[in-house]
Amino acid sequence: AFLYLRNRPDRQSSGPSRPMAFKRHLLTGSLLSNINAMAKQATLSSFFGKNAAAKKGEVKISTREKATAPTETKAKGNLKNDDDSVNRSKITESEDLDLIDTDDEVIVRTNAADDDSTIKSNNKKLAKAESERQNRVEKQRSKLEDSSDDGDFEIDGKEKDFEETSDDEDEEFNEPLQTLKKRKRGTGTTTETAPKKMTSSYTASDSKVKSKSGKTFASILSDAELASEKGSWKDGAPMNYSILCKTLSEVEAITSRLDIASYLTSLFRLCLIKNPDDLITLVYLASNAVAPAYQCVELGIGDAILIKAVGEANGSNPSIIKKKYEVDGDLGTVAMTAKAKQRTLGFGMKPKPLLAKEVLSVFRKIATTTGSKSQKWKVDKIKGLLVRAQDVAESKYIIRGLQGKLRIGLAQSTVLISLSHAIFLSGPLTQSTKHETNDVLSEDAKNVSNEKLNLGSRLEAAVNIVKKAYSEVPSFDALVSALLIVPLSHLHKECTLRPGLPVEPMLAKPTKSIQEVLKRLSGKRFTCEFKYDGERAQVHLNRNGETNVFSRSLLDTSQKFPEVPLYVKEACVDSKVDSFVLDTEVVAYNRETQQFVPFQILSTRKKTEESEENAKVKVIIQAFDLMYLNGESLLDRTLSERRELMKKNFKAIDGKFQFATALDATENGDTAILEEFLDTAVKGQCEGLMVKTLDENASYQPSYRSLNWLKLKKDYLEGLGDSVDLVPIGAYYGKGKRTGVYGAYLLACYDEDTEEYQSVCKIGTGFSDDDLKALSESLNNNRMIEKSTQYNVSPTLDCNVWFEACQVWEVKAADLSKSSTHKGAVDKTGESGRGIGLRFPRFERVRNDKRPDQATTSDQILDMFYAQDSIVDKGYADDGI
DNA sequence: GATGTCTGCCC
DNA sequence: ATTCTGC
DNA sequence: GCAGAATGGGCAGACATC
């Protein structure tokens with residue numbers, strides 16, 4: 001909400017705002033209304049400036065979000081002006097913002113964390129530090145209120161030198177590509193920036209803090225100690241991007257998850273101490289996101305554009321960069337070494353250091369820029385960032401960030417852990433028990449403020465609270481602003497499930513056998529549901545009558561399925577149902593034959609379908625869970641309660657809305673029920689079964705928690721599913737941790753008639769690390785100079801290297817499908833040019849007992865395709881898929 | 001305007 | 001989606 | 001068992017290019 005206010009479009013270009021004013025506002029008011037406003041708006045306009053299209057032919061800046069509310073556009077000058085808004089919200093009263101600073105050792109490092117007396121003394125100190133902090137915060141507040149009434153929008157006249165380019169350099173790194181030389185294995189971590197293990201923020205890995213459940217935490221520095229390190233960050237100053245990069249480098253160099261979280265925690269704490277306003281920026285950058293998922297912000301940047309940008313930034317031909325990338329396996333490192341070379345030349349002046357918020361801001365601009373020539377524009381933007389990157393590591397993380405994967409062993413879940421630790425330890429609010437309330441507190445809320453508990457347990461409670469909050473309101477803006485104004489024990493009240501904002505969906509874990517399923521159910525009552533082959537859809541209705549549909553990854557798919565909320569509303573038993581969140585699978589459906597239609601057909605739906613009538617592909621809803629009903633969250637109810645409420649308040653509608661077919665049972669060692677029901681499901685064109693406990697451990701646990709549901713598919717079972725024997729005919733260089741080996745192979749079946757090998761899939765999973773190494777080595781003995789004329793492969797699948805047909809691999813797949821890229825049984829499919837490909841292929845083993853010409857034949861592939869239960873209506877097979 | 005390439009998102 | 005791996 | 005990082009087929013949509 002904080003950010004929302006700060007970035008209101010009407011303030012977007014008005015110069016620096018004063019965060020203090022908003023703080024005061026927020027300290028008194030409830031966040032709820034603001035978050036609701038966010039939900040309602042859920043538009044980019046609340047986060048980014050809008051820029052109406054400029055003149056014809058120029059790049060226009062627009063939003064791509066598909067959120068509910070219409071966005072009012074606001075013309076606002078040209079691109080250049082927009083850039084300057086980057087440096088908004090500069091903080092001037094630096095001393096005042098040194099909120100937290102205590103000379104006391106906040107937490108004692110101890111080897112005897114289980115020793116009660118030590119814990120007590122730890123906690124005493126903690127309490128003392130917290131009360132001091134509280135005092136300071138109080139002082140802060142009054143100061144802020146005094147000073148927040150005027151001068152809100154001064155213009156910060158400083159020019160950013162974003163547009164600086166580097167056309168003065170012509171150096172190329174033209175080293176020839178060493179084809180498949182021995183490369184370093186592992187994460188691709190380079191040694192240049194790797195710090196000594198455990199130096200900066202954490203010391204003494206031998207002293208750990210233990211929680212009740214036995215989790216250990218590294219020992220913890222006090223705020224004062226923390227602040228005195230990394231001295232380059234001035235109090236109140238905006239954070240330099242290099243500070244983040246330093247932590248990222250540290251994290252990249254280590255593998256211990258606890259240590260990774262610790263480094264990040266230290267960084268978050270430092271941010272809280274030095275400049276809390278940057279925390280949200282930091283959280284976004286660390287988790288490598290740009291906006292909440294449901295806002296549907298796409299960077300629109302991929303390897304191709306990045307290669308171009310890196311090339312241009314240091315004056316090399318993109319094809320050279322591309323080759324470097326193939327050898328190096330990491331575009332970030334390529335950019336980094338390019339940068340290093342560039343700098344040793346010593347041309348030009350040192351540009352201004354990049355600020356963290358500038359980097360995020362550019363990312364966002366890139367994301368919101370569309371239209372003709374926008375790619376060129378994006379390349380220029382990226383170039384601008386690369387030129388300004390100070391430390392070589394900065395270019396590395398800029399590039400990797402834009403690639404969408406930091407690849408340092410740190411992702412969203414760890415960010416949430418570190419964020420909660422940091423807030424607990426150094427947040428502006430005390431986490432002790434002083435906040436009285438009438439609400440019933442959760443166990444975690446009680447624990448986090450229970451000073452009698454040891455630190456580890458309190459930290460663990462903090463993590464639970466933060467993760468729960470985020471899973472119900474998956475927006476860092478909402479989360480961070482709430483964390484800064486309410487204690488952890490009250491977080492859930494602010495960040496709680498409501499229709500209009502997606503909940504992280506519950507996920508299922510694959511199981512390899514029916515025995516495994518039974519073992520996990522051990523005597524409990526459970527239900528099996530058909531697992532439909534469609535698209536997950538979370539359907540929302542709020543009390544204003546507004547509806548949304550969200551995808552599995554929380555994107556707003558309301559426009560893709562406009563009829564879905566209508567069907568669900570129709571399915572409500574009466575008008576008393578005024579709000580709900582329903583978990584469903586949307587499946588393509590043929591109303592004439594009353595049969596399900598394969599996923600491949602469903603996926604031809606437009607991203608925006610105008611109406612039910614206009615949509616070529618009709619759908620049916622298969623509902624299986626209810627998370628919210630009539631103003632009340634059902635997340636903590638058991639599945640059997642939720643399901644009962646669902647069936648009581650909704651009814652099936654022919655061809656539009658059904659409940660997932662289910663069978664209830666109690667585990668008693670009998671496998672027959674499951675086997676038989678699985679068979680029924682597969683015959684009914686389903687992928688398999690979902691197995692869920694009904695009463696015990698049966699609350700709705702969003703994705704982060706655990707994969708508490710089980711999924712059972714035929715192809716998981718040994719000896720079942722489609723298993724084929726294929727020939728590796730080519731390979732692609734591996735990236736990241738697969739640098740140095742082939743990351744994927746191209747596999748072919750054998751056509752006896754034409755004696756050619758036809759590609760049916762690439763394969764990149766199922767290999768152990770040893771497999772990858774061994775296969776690379778052995779196949780390198782059978783390299784060919786170029787593609788064999790015997791290989792029928794689409795040019796779009798061009799391999800980096802080609803092999804003689806010399807091996808046969810057993811491969812498992814879930815399905816076979818008509819393919820425009822693969823050539824299996826091409827010319828026998830009834831559609832010219834189209835072959836058959838495999839769905840979800842994975843490597844099982846090498847078949848040393850088979851010669852390549854004994855591989856699965858294209859005729860067999862064709863038979864398998866037609867034998868599928870999903871091809872009930874041959875019409876699909878011969879026409880349309 | 002047709003075609004090709006790239007990207008993101010479904011699974 | 002599937003799968004593997006270090007913690 | 002979690003979290004992270006490798007990798008799959010195939011579709012629509014957005015741009016770039018011819």
Side-chain angles (χ1 to χ4, degrees), chain A residues 64 187-188 215-216 254-261 293 296-308 329 370-378 404-414 416-417 509-510 533-537 551-555 557 560 585-586 598-609 687 704-708 711 713 715-716 732 734-739 741-747 760-772 795-797 811-822 836-844 881:
Chain A
R64 279 200 203 166
T187 60
K215 277 191 190 165
T216 52
I254 56 177
T255 51
S256 155
R257 292 232 297 278
L258 294 173
D259 291 346
I260 289 173
C296 306
V297 184
E298 302 169 359
L299 274 178
I301 294 288
D303 282 349
I305 290 178
L306 288 174
I307 286 170
K308 223 171 159 185
T370 60
S372 167
K373 290 186 194 165
S374 62
Q375 295 201 349
K376 173 93 182 58
W377 186 87
K378 287 179 184 185
K405 40 191 174 182
L406 257 13
R407 302 192 24 247
I408 57 175
L410 178 160
Q412 184 177 289
S413 175
T414 309
L416 289 173
I417 292 172
K509 182 189 141 71
D533 192 8
E535 191 170 326
R536 189 90 174 251
S551 76
R552 190 190 115 125
S553 57
L554 308 186
L555 273 83
T557 47
K560 185 174 181 183
E585 187 85 5
V586 168
F599 174 80
Q600 216 179 349
I601 301 285
L602 179 68
S603 68
T604 64
R605 271 230 166 186
K606 311 282 180 230
K607 240 152 94 179
T608 59
E609 290 281 1
E687 292 186 291
Y704 77 86
R705 279 262 165 142
S706 59
L707 307 167
N708 233 1
K711 56 178 164 180
K713 308 214 301 199
D715 57 285
Y716 294 161
Y732 307 87
K735 292 171 186 167
K737 68 180 178 185
R738 298 232 175 131
T739 302
V741 293
Y742 297 116
Y745 292 86
L746 184 66
L747 299 184
V760 289
C761 66
K762 289 201 286 178
I763 194 154
T765 191
F767 308 106
S768 69
D769 289 357
D770 289 341
D771 287 339
L772 285 168
T796 57
L797 293 168
V811 164
K812 188 102 112 171
D815 273 316
L816 295 92
S817 56
K818 284 277 185 74
S819 169
S820 298
T821 47
H822 287 293
I836 285 170
L838 303 190
R839 189 184 188 196
F840 310 148
R842 56 263 196 194
F843 173 83
E844 293 264 295
I881 297 185

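Values reported hereafter were calculated over all heavy atoms of this structure, with side chains retained and with hydrogens, waters and symmetry mates removed. Numbers restart at 1 for each chain; the letters A, B, ... are given by sequence-line order, proteins then strands. Worth saying up front: this structure is predicted, and the values here are computed from it rather than measured.
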### Query
Where the side chain of A:A411 is defined as all heavy atoms beyond and including C-beta, which of B:dC10, D:dG4, D:dG10 is the nearest nucleotide?
D:dG4

### Query
Choosing from B:dC11, B:dC10, D:dG4, which nucleotide comes nearest the side chain of A:R536?
B:dC11

### Query
Hey, does A:D303 reach any base, or is it just sugar-phosphate, or nothing, if we go heavy atoms under 4.0 Å?
sugar-phosphate

### Message
Mind checking if A:L306 touches a base, just sugar-phosphate, or nothing, with heavy atoms under 4.0 Å?
### Response
nothing

### Task
Tell me, please, which residues at least two apart from A:D303 pass salt bridge (charged side-chain N to carboxylate O under 4.0 Å, His left out).
A:K735

### Task
Using whole Å, report how far CD1 of A:I301 lies from P of D:dC15.
12 Å

### Query
A:R407 side chain N/O closer than 4.0 Å to the phosphate oxygens (OP1, OP2) of D:dG4?
no

### Query
Side-chain N or O of A:S603 less than 4.0 angstrom from OP1 or OP2 on B:dC9?
no

### Query
A:K762 has a side chain; which of B:dC9, D:dG9, D:dG13 sits nearest to it?
D:dG9

#### Entry: Separation of atom CD1 in A:I307 from atom C1' in B:dC6, rounded to whole Å
11 Å

### Query
Between A:R839 (CZ) and D:dG8 (P), how many Å, whole number?
16 Å

### Message
Between A:R842 and A:D715, does any NZ, NE, NH1 or NH2 come within less than 4.0 Å of an OD or OE carboxylate oxygen?
### Response
yes

### Message
Nearest whole Å is fine: how far is D:dA14 P from A:E298 CD?
### Response
9 Å

### Summary
Note: for A:Y745 and A:L707 on DNA chain D, the residue whose nearest nucleotide lies more 5' is A:L707

### Message
By nearest atom, which of the nucleotides D:dC15, B:dT7, D:dG9 is closest to the A:I305 side chain?
### Response
B:dT7

### Summary
Separation of D:dT7 atom P from A:L797 atom CG, nearest Å, is 16 Å

## Note on the structure
By nearest-nucleotide position on DNA chain D, the 5'-leaning member of A:K405 and A:S413 is A:S413

### Residues which pass salt bridge (charged side-chain N to carboxylate O under 4.0 Å, His left out) with A:E535, listed by chain and number, not counting sequence neighbours
A:K560

### Message
So, OP1 or OP2 of B:dG4: does either fall under 4.0 Å of a side-chain N or O from A:T796?
### Response
no

### Query
Would a distance-only check, ignoring hydrogens and angles, find a side-chain to backbone donor-acceptor pair under 3.5 Å from A:Y732 to A:L797?
yes

## Note on the structure
dist A:L816:CG -> A:K818:NZ (nearest 0.5 Å) comes out at 12.0 Å

### Query
Base, sugar-phosphate, or nothing for A:G404, non-hydrogen atoms under 4.0 angstrom?
nothing

### Task
Specify the separation, in whole Å, of atom CD1 of A:I408 and atom P of D:dA6.
12 Å

### Query
Taking CD from A:Q412 and P from D:dA3, how many angstroms apart are they, rounded to a whole number?
11 Å

### Task
Counting heavy atoms from C-beta on, name the nucleotide in B:dT7, D:dC11, D:dG9 closest to the side chain of A:T604.
D:dC11

### Query
Which nucleotides of nucleotides 1-7 of chain C have their base under 4.0 Å from a protein heavy atom (B), which only their sugar-phosphate (S), and which neither (-), written as one string 5' to 3'?
SBBSSBS

### Query
Taking only N and O in the side chain of A:S819, is any of them less than 4.0 Å away from OP1 or OP2 of D:dG10?
yes

### Query
Considering only B:dC9, B:dC10, D:dC15, which nucleotide approaches the side chain of A:S553 most closely?
B:dC10

### Query
Which one, D:dC15, D:dG8, D:dG9, comes nearest to the side chain of A:A744?
D:dG8

### Query
Out of B:dC10, D:dA6, D:dA3, which has the shortest distance to the side chain of A:S551?
B:dC10

### Query
Does a side-chain N or O from A:Q600 land closer than 4.0 Å to OP1 or OP2 of D:dC11, or not?
yes

### Task
Starting at atom CG of A:L838, determine the distance to atom P of D:dT7, rounded to an integer number of angstrom.
19 Å

